[in-house]
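Not measured: the values here are computed from a predicted model. We're numbering straight along the sequence, starting at 1.
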Amino acid sequence: MRTGSHRWALAFLLGACAKAPPEPATGPAIAEPTLDTPSGPTSIDGGTLRHVADLGQPLTARIAFGEAGVWWHWDGERATAFVDGVAQATTLDAAALLAARPRVPADAPLAIGETLLMATGTRALHPHVVQALRSDPPPYGYEHTSTTFSADGALLVITKRWRPSRCCRDEDAGPEPPHQVATLYDTATGTYREEVGAHAPVVIGRERLLLSGVAAVLHNREPTYPLVAESMHYLRSNALALGVGESVIAAVVLGPTPRLALYRARDGVRLHDWEGPPGAAALAFHPTHPLLAVAGTDRLELWRIDGPLPVRLAEAPIGRAPAALVFHPDGHRLVLTGREGALFDLDLHEAPADETSSDLTTALARPDPSIPPLHAGTRVVGLSVEAGSVHAWGTGGGLYTFDRADGQRVRSWSRVVDDDELAVAGRAPVFAVAERTPRSEPRAEPKRSRRVELIDGRTYAVSGTVFVDPGELAQLVLSPRGTALAWSIEGDHVVHLQQLGGGARLDLSANSAGVEAVAISPDDTRLAVANRHVTDNIIVGTVGATTAKKITTDRGVTRLLFSHDGARLFVVDFDGKLHVVDASTGRGLGTFDPKAGTSGELLESPDGRHLVYARHAVVVLDARTGAEVSRVAVTAQVEALALAPGGDGIAIGDAQGDVRLLPWPSGATR
């Protein structure tokens with residue numbers, strides 16, 4: 001194998017990351033390996049994984065490599081030497097290990113005594129950091145679970161787990177602190193920087209602290225963005241890796257069907273997701289090539305990630321899932337750690353290649369598709385977009401209008417509402433707001449009708465009023481043009497449709513007191529209602545008709561939307577999948593899976609060619625085939641979605657009160 005031959009392919013990545021020159025090393029110098037550089041660029045077209053040995057003792061990921069097949073495992077006090085996978089009887093202390101001139105992977109510095117060993121040399125650790133690394137468990141309080149250094153050795157993250165006292169408990173002591181936390185230290189000064197709630201695994205780079213796969217905390221940039229979709233409970237990752245010049249994040253996305261996923265590190269945009277080995281539990285990037293090693297319960301796989309789709313180059317059976325994967329700095333050897341570790345040799349097959357950019361190069365160089373977020377209260381629950389303005393309703397503040405050109409707030413109107421008391425038209429700047437029920441209203445008195453006001457987003461003036469039935473609202477929906485209103489009351493099986501301006505009215509039974517979703521057709525003549533039944537869970541009624549159409553879907557329904565021509569009905573189920581149904585016959589026309597979370601927001605492009613689904617990502621799909629056109633990561637869970645009238649932009653509002661404007665994906669017609 002010719003090592004280092006793909007450094008040309010990663011030059012654009014390393015240049016983009018712009019590493020600062022390493023600090024002067026102290027202590028023993030680390031000899032750089034001599035690499036066999038080929039005469040021209042090559043590409044990887046295959047590889048083999050050869051099992052060398054099973055390791056007879058439990059290992060952590062704290063490993064350093066030597067010459068001629070020798071490597072060491074450091075347990076915090078002593079180092080055990082391994083020769084071709086066989087443990088040696090003699091162990092080394094910190095001084096002896098450093099004198100043996102060990103090497104560590106470029107992304108995995110190792111603390112040996114009071115010295116930090118890095119790929120570029122050694123550095124003395126600050127006494128405060130040495131003290132922080134001591135993991136003697138206290139009788140109660142926090143105990144260490146892992147320690148992780150950044151590649152340049154500048155930052156240290158220590159994760160701790162709360163360990164309450166076993167002997168006694170003060171009932172008046174109050175609630176226990178967070179179960180797990182991650183503490184960040186500056187290794188040069190020993191100063192404590194911050195502490196955040198976290199669960200392992202933890203990966204740290206020059207700018208990014210990745211916590212458990214749910215979020216990536218950026219130290220030098222904003223915002224924080226999610227890597228993994230959420231449901232009612234957080235879906236976490238049991239494996240994370242940061243590689244290819246710290247430009248790509250790999251994660252095992254947990255869920256009903258665990259998958260592997262690649263994300264662009266600077267903004268969280270998902271590049272690929274695919275099915276890996278069963279029980280994938282450990283990831284590692286190759287040190288010099290765009291390759292990803294993945295280990296599961298019974299198989300080790302090697303994937304090439306720089307093409308249009310990930311390609312599996314090699315695989316080998318293993319006894320059980322390891323705790324971690326550690327590459328030799330040259331990339332020719334792979335150590336699997338855990339209770340049953342193993343050692344593999346890697347041989348790569350290389351072929352001449354031209355200088356053209358790879359798909360990964362293009363994806364990483366693509367500019368960030370968003371502008372800095374606008375802020376609209378504590379939680380955005382309603383959005384509308386015009387040619388020059390964005391109107392956003394935040395639950396903590398009221399209605400805000402922003403200029404699309406510069407993002408400046410133009411005007412605002414303070415009016416606090418709950419999310420079930422607000423509706424917005426899909427294609428017009430019209431908001432429907434229900435008056436709040438007085439908290440002091442005596443229960444014995446008959447409840448009065450509630451007033452719903454229609455607010456013009458351009459002027460903030462009340463353009464109409466509708467009186468609805470008394471009681472708590474279960475559903476409040478505006479038609480796409482803002483010219484019809486539908487509502488239902490908690491505990492009532494009837495959904496009401498009222499055409500505004502003195503138009504017709506339709507009262508449609510949902511056949512259930514639990515109304516899950518409501519949609520109005522673009523011409524205001526049809527109403528679709530979803531209930532909680534297993535069969536006949538969608539009812540479609542028409543103004544003036546005496547009968548209604550009943551439709552059955554395989555799963556419960558969370559959202560309904562009529563197509564722009566009213567001919568089709570889009571149904572979002574409990575799993576976040578989209579079902580396309582003929583609105584007249586109920587015949588199923590297709591099922592799409594945007595893979596962006598459950599209970600998402602859904603809109604159709606003005607020309608009907610695309611669907612936009614948003615929850616934990618903003619996904620544009622072809623409305624006929626379901627093919628994914630684009631995907632953009634979001635800063636927080638999406639609560640509101642709107643499209644510009646000309647189809648030239650997408651607006652999203654999230655649970656943190658931020659509004660982001662995204663351009664329509666390039667190359668997609670609109």
Closest non-hydrogen contact found for Leu240 with Ala251 is CD2-CB, 3.7 Å
In terms of the angle between their ring planes, are Trp664 and His610 parallel, tilted or perpendicular, with boundaries placed at 30° and 60°?
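Because their plane-to-plane angle is over 60°, the rings of Trp664 and His610 count as perpendicular.
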(Q) Can you classify the ring geometry of Phe402 versus Tyr400 as parallel (below 30°), tilted (30 to 60°) or perpendicular (above 60°)? (A) parallel
Short N-O contact, [X] and [Y], less than 4.0 angstrom:
X      : Y      : value
Asp507 : Arg505 : yes
Asp575 : Arg555 : yes
Arg559 : Glu601 : yes
Glu435 : Arg415 : no
Asp524 : Arg481 : yes

| message | Any heavy-atom pair between the side chains of Val244 and Leu360 that's under 4.5 Å? | response | yes
*Any side-chain heavy-atom pair from Glu604 and Arg609 closer than 4.5 angstrom?*
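Side-chain contact under 4.5 Å: no.
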Partners passing side chain to side chain contact (heavy atoms under 4.5 Å, CB included) against Val424 (at least two apart in sequence or in another chain)
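If we apply the side chain to side chain contact (heavy atoms under 4.5 Å, CB included) test to Val424, skipping adjacent residues, the hits are Ser384, Phe431.
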(message) Would Arg568 and Phe562 count as a cation-pi pair here, with the cationic atom under 6.0 angstrom from the ring centre and within 45° of the axis?
(response) no
The side-chain hydrogen bond (donor to acceptor under 3.5 Å, both in side chains) partners of Arg451 (sequence neighbours excluded) come to Glu453
- request: Kindly write out the residues that satisfy ring-ring contact (aromatic ring centres under 6.0 Å, His included) with His496, not counting sequence neighbours, or none if the list is empty.
  value: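 Once residues adjacent in sequence are excluded, the partners of His496 under the ring-ring contact (aromatic ring centres under 6.0 Å, His included) criterion are Trp487.
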Stepwise side-chain hydrogen bond (donor to acceptor under 3.5 Å, both in side chains) check, Thr553 with His579 | CA-CA 8 Å; Thr553 61; His579 304 276; over 6 Å; no
Checklist line | side-chain contact (heavy atoms from CB on, under 4.5 Å) assessment of Arg631 paired with Lys595 | finding: CA-CA 10 Å; Arg631 178 181 295 268; Lys595 296 183 177 67; 4.0 Å; yes
